Amino acid sequence: MMCFLFRLSGILERLCGFFGLLSAWMVVPLILVIVYDVITRKIFFIQQAVLNSALYEIISPTMLQEAEWHERRTARTKGWVEMIAILLLAVPFCSVLLFHSVDTVYSAWQQGEGSSPLTGICIRWIIKSFLAIGAIEYAGTQSRAIQ
């Protein structure tokens, strides 16, 4: 049994060493990509034009198909599609967001969560409450869209 564990330990050690070496060498291409990005964005302005033209070629046909679909539908059909999308996507999203944000705010308030430095925020639950307020506001906006 002990021999098996030693062999397994050796295999795991070589595996970790391999991935460590691989990660270390992946830093070199990462640095090259960052340098290329900085040079082309700040000096040559090439990247943005190339990226925009490539993205335009990909997105343009999809947007045209969506616009054509939208033009051929009646106002009633558009309203039904929007209402179904809000009920299937926005309502569950707002429910989960509100549930978890209220829990986070309550937990921060109950623990007296705050920053220790003198320049930090002493009552962090106020900041976290904006997530719950945003969820309520978003739900209100979507309910107005359904009407």
Side-chain angles (χ1 to χ4, degrees), residues 1-2 4-63 65-67 69-70 73 75 77-147:
M1 180 68 174
M2 202 61 155
F4 170 74
L5 292 177
F6 280 132
R7 274 189 275 147
L8 181 64
S9 173
I11 291 170
L12 291 176
E13 184 178 350
R14 284 191 300 274
L15 189 65
C16 288
F18 170 75
F19 281 111
L21 189 63
L22 180 68
S23 300
W25 278 104
M26 290 306 290
V27 170
V28 175
L30 177 66
I31 291 171
L32 293 174
V33 166
I34 291 171
V35 167
Y36 170 77
D37 181 47
V38 169
I39 289 173
T40 56
R41 190 166 24 104
K42 299 289 183 185
I43 297 173
F44 298 119
F45 304 106
I46 295 171
Q47 182 184 21
Q48 196 65 32
V50 170
L51 239 153
N52 283 346
S53 63
L55 286 176
Y56 180 77
E57 294 298 324
I58 293 169
I59 294 173
S60 179
T62 307
M63 290 174 54
Q65 290 172 358
E66 182 183 323
W69 182 90
H70 197 265
R73 303 296 179 243
T77 305
K78 292 176 196 176
W80 275 105
V81 169
E82 185 175 354
M83 185 176 72
I84 291 170
I86 288 171
L87 291 175
L88 290 178
L89 300 173
V91 170
F93 172 75
C94 285
S95 302
V96 170
L97 182 63
L98 189 61
F99 176 76
H100 287 291
S101 62
V102 167
D103 187 41
T104 303
V105 170
Y106 179 71
S107 175
W109 173 76
Q110 190 177 27
Q111 294 174 7
E113 188 176 331
S115 298
S116 57
L118 295 174
T119 58
I121 301 169
C122 58
I123 316 173
R124 196 171 284 170
W125 64 268
I126 293 175
I127 299 294
K128 292 184 177 186
S129 68
F130 282 99
L131 191 58
I133 293 168
I136 293 168
E137 179 63 30
Y138 183 73
T141 304
Q142 296 307 315
S143 69
R144 278 182 243 129
I146 288 177
Q147 294 172 358

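Just so we're clear, the structure is a prediction, and the values are computed from it rather than from any experiment.
Note that CD1 of Ile136 and CG of Leu98 are 5.0 Å apart. Values are rounded to the nearest 0.5 Å. Here the CE atom belonging to Met83 is positioned 10.0 Å from the CG atom belonging to Leu88, to the nearest 0.5 angstrom.
Contact record, Pro92 with Leu87: CD-O, 3.4 Å, taken as the closest heavy-atom pair. Annotation for Lys128 and Thr104: closest pair CD-CG2, 3.6 Å, computed over non-hydrogen atoms. Cys94 and Ala135 make their closest contact through SG-O, 4.0 Å (heavy atoms, listed as atom of the first residue, atom of the second, distance).
Between Trp25 and Val28 the shortest side-chain heavy-atom distance falls below 4.5 Å. In this structure the side chain of Ile11 reaches within 4.5 angstrom of the side chain of Arg14, judged on heavy atoms.
Checking side-chain atoms of Ser107 against main-chain N and O of Asp103 turns up no donor-acceptor pair under 3.5 Å.
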